[in-house]
Amino acid sequence: MGAAIAVAYGAAAPSALAAPTPRSDEWWFRAWSVQDKVWPLSKGTGTTVALIDTGVNAKLPELSGAVLPGLDTAGGRTDGRVDFDGQGHGTAMAALIAGRGGGTTGFTGLAPEAKILPVRLVDHSEGDWTSAISQGIKYAVDHGVKVVNMSIGQQAFQCPQELQDAIAYAIQHNVVLVAAAGNAGPTSNAPEIPARCPGVLTIGAVTKESKAWSGSVPHGYVTLAAPGAQMGAVGKDGTYYPDSRGTSGAAALTSAAIALIRARNPSMPGRTVVQRLIATAMRIGDKKWSPKTGYGVILVRGAMDPVNYPVPANAPNPVYDAFDKWKASTYRAPSSPPTAAKPKANQPSGIGTSTIIAGGAAVVLVVGGLVAGVLLVSRRRGLDRTPHS
């Protein structure tokens, strides 16, 4: 049965390129036996991850050759080069996904041969954020990505139709969408978009000890978890921050894992990728599901290898079940693709994200959620001159 599955999916040959050496504090490499068991099968060659975030500083040596021309919904660039990052959040996520090593940090991504397609978002307060995400998803799908990473969040009690239509467009084109569950904030743990939208794989965070990170927001739509605490991060100027935590990083590592899976199994449908991630996950505790960690911590080696880790065709797939239910009950094909509102040129980026990064004496706090995120960042700007990351 396993061999038949592998033939059907058409497993790709592993890359022959030499891999960079992860830093010693990138503990998830050891936890997942990446160098010994994962990279011999796939390093992400031939896959592209869309990063809908604050932009990416593509000039960093750690990201040399990893970043493609992208889309800037925030204005300021129209030539497809989204190689700058006002806050640093997107740069940190790009390094987690596809860092090449090198530079002053030597930071290595989980999928070091994958490419990053950046989509820089308009500021919450300066434009139509939902339309910008929707347009970013459509742009990414039309440019051949395999997975869309959204380590971002805005409080919302329902998924806007425009955004849900964009998600449907991606799923129809066999693209997997990943979102951060969000971080516990000082105001509330209200549900967020895009995490709550049907069809999105939502990720919580765990610690080195494979325990739920205390700041990971619990919700009924959390599906899986990944490392997201006690982590290092690369700032927008190449500064290394040794202690970061947040569901943003967990989502980025999950997107990188999906890039590895899809590079190894190029004909495996996105539905099957998500189904396998759920079926092969490591359960936490004695419960089948938890509101913080979903069905457990992703195990990259098992999910990417249908030969040695077969999964029944009828295994649960709540992410796509929710999407199918929405589609059957409410979906109407949009008359035209999702479009973004006209961006305003040269506006600063202040989107709500889901990472906390501590570096030295300065602490930069950015939480998932419009109100908490924007207010906290604004207050910090008056006190903290350290580059945001």
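Basis for what follows: all heavy atoms, side chains included, without hydrogens, waters or symmetry-related copies. Everything quoted here is computed from the prediction, not taken from an experiment. Counting begins at 1 with the first residue of the sequence.
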Practice task
Drop me the distance from Lys115's NZ to Leu117's CG, to the nearest 0.5 angstrom.
Solution key: 12.0 Å
Practice task
State plainly whether one hydrophobic cluster holds both Ile167 and Val141, where clusters connect Ile, Leu, Val, Met, Phe, Trp and Tyr through side-chain heavy atoms under 4.5 angstrom apart.
Solution key: yes
Exercise for the section: Could you go through the ring-ring contact (aromatic ring centres under 6.0 Å, His included) check for Trp39 and Phe29 one step at a time? Expected result: CA-CA 10 Å; Trp39 278 354; Phe29 280 92; 5.4 Å; yes
Problem - Atom NZ of Lys325 with >12 non-hydrogen neighbours under 6.0 angstrom - result: no
Fill in the blank from the handout: Nearest heavy-atom approach of Met93 to Ser248 is SD-O, 3.4 Å
Problem - Interatomic distance, Leu177 atom CG to Phe323 atom CZ [nearest 0.5 angstrom] - result: 9.5 Å
Handout entry: Exam field: side chain Asn265 to backbone Met268, donor-acceptor pair closer than 3.5 Å
Key = no
Problem - Side-chain donor or acceptor of Arg30 paired with backbone N/O of Ser24 under 3.5 Å - result: yes
Exercise for the section: State the CD1-CG distance between Ile152 and Leu51, to the nearest 0.5 angstrom. Expected result: 9.0 Å
Exercise for the section: Determine, using the 4.5 Å side-chain heavy-atom cutoff (strictly less than), whether Val178 and Val274 are members of one ILVMFWY cluster. Expected result: yes
Handout entry: Plane angle bin for His219 and Tyr221 - parallel if under 30°, tilted between 30 and 60°, otherwise perpendicular
Key = parallel
Practice task
Would you sort out whether Arg271 and Asp324 count as a salt bridge (charged side-chain N to carboxylate O under 4.0 Å, His left out), showing the intermediate values?
Solution key: CA-CA 11 Å; Arg271 284 176 178 260; Asp324 291 341; 2.5 Å; yes
Practice task
Evaluate the side-chain proximity of Val148 to Val176: yes if any heavy-atom separation is below 4.5 Å, no if none is.
Solution key: no
Completion exercise
Note: Val206 and Ala225 closest approach over all heavy atoms is CG1-CB, 3.8 Å
Practice task
Identify whether Val38 and Tyr309 are in the same connected component of the hydrophobic contact network (ILVMFWY, side-chain heavy atoms under 4.5 Å).
Solution key: no
Handout entry: Partner set under side-chain contact (heavy atoms from CB on, under 4.5 Å) for Ala111, not counting sequence neighbours
Key = Ala114, Ala256, Ala259, Leu260
Fill in the blank from the handout: Nearest heavy-atom approach of Thr254 to Ala226 is OG1-CB, 3.5 Å
Exercise for the section: Could you verify whether a donor N or O on one side chain and an acceptor N or O on the other, from Asn183 and Thr247, lie under 3.5 Å apart? Expected result: yes
Problem - Asn57 side chain vs Lys236 backbone, donor-acceptor pair below 3.5 Å - result: yes
Completion exercise
Of Asp128, Ile133, Leu121, the one forming a side-chain contact (heavy atoms from CB on, under 4.5 Å) with Thr73 is Leu121
Practice task
Ignoring hydrogens and angles, tell me if any N or O in the side chain of Thr48 forms a donor-acceptor pair with the backbone of Val145 under 3.5 Å.
Solution key: no
Under 3.5 Å, which donor-acceptor pairs do the side chains of residues 293-303 form with other protein atoms, sequence neighbours left out?
residue, atom, partner, partner atom, Å
Arg301, NE, Lys37, O, 3.3
Arg301, NH1, Asp305, OD2, 2.3
Arg301, NH2, Asp305, OD2, 3.3

Handout entry: By side-chain hydrogen bond (donor to acceptor under 3.5 Å, both in side chains) - contacts of Thr105 (at least two apart)
Key = Glu62
Exercise for the section: Please answer: with hydrophobic residues joined when any side-chain heavy atoms are less than 4.5 Å apart, are Val67 and Val49 in the same cluster? Expected result: yes
Problem - Steps toward salt bridge (charged side-chain N to carboxylate O under 4.0 Å, His left out) verdict (Lys138, Asp142) - result: CA-CA 6 Å; Lys138 172 64 166 54; Asp142 290 346; 2.2 Å; yes
Handout entry: Donor-acceptor under 3.5 Å (Thr91 side chain, Val56 main chain)
Key = no
Problem - Heavy-atom pair with the smallest gap, counting every atom of Ala170 and Ile137 - result: CB-CG2, 3.9 Å
Exercise for the section: Using atom types as modelled and distance alone, determine if a side-chain donor or acceptor of Arg262 lies under 3.5 Å from a backbone N or O of Lys146. Expected result: yes
Fill in the blank from the handout: CG (Asn317) and CZ (Arg276) are apart, to the nearest 0.5 Å, by 12.0 Å
Exercise for the section: Keeping the roles fixed (side chain from Asp53, backbone from Gly55), state whether a donor-acceptor pair exists under 3.5 Å. Expected result: no
Problem - Heavy-atom pair of closest approach, residues Ala279 and Val311 - result: CB-CG1, 3.6 Å
Exercise for the section: Could you tell me whether a side-chain N or O of Gln230 sits under 3.5 Å from a main-chain N or O of Arg245, the two making a donor and an acceptor? Expected result: no
Fill in the blank from the handout: Value for OH (Tyr139) from CG (Leu71), rounded to nearest 0.5 Å, stands at 6.0 Å
Exercise for the section: Indicate yes or no for a side-chain donor-acceptor contact from Thr239 to the backbone of Gly235 under 3.5 Å, with no hydrogens or angles considered. Expected result: no
Handout entry: Cation-pi geometry met for Arg23 and Tyr240 (6.0 Å, 45°)
Key = yes
Problem - Expected output: side-chain Ser244 to main-chain Met231 donor-acceptor under 3.5 Å - result: yes
Problem - Salt bridge present between Asp72 and Arg120 (N-O < 4.0 angstrom) - result: yes
Practice task
Classify the angle between the aromatic ring planes of Phe107 and Trp28 as parallel (below 30°), tilted (30 to 60°) or perpendicular (above 60°).
Solution key: tilted
Problem - Validation row: Trp32, Leu253 side chains within 4.5 angstrom (heavy atoms) - result: yes
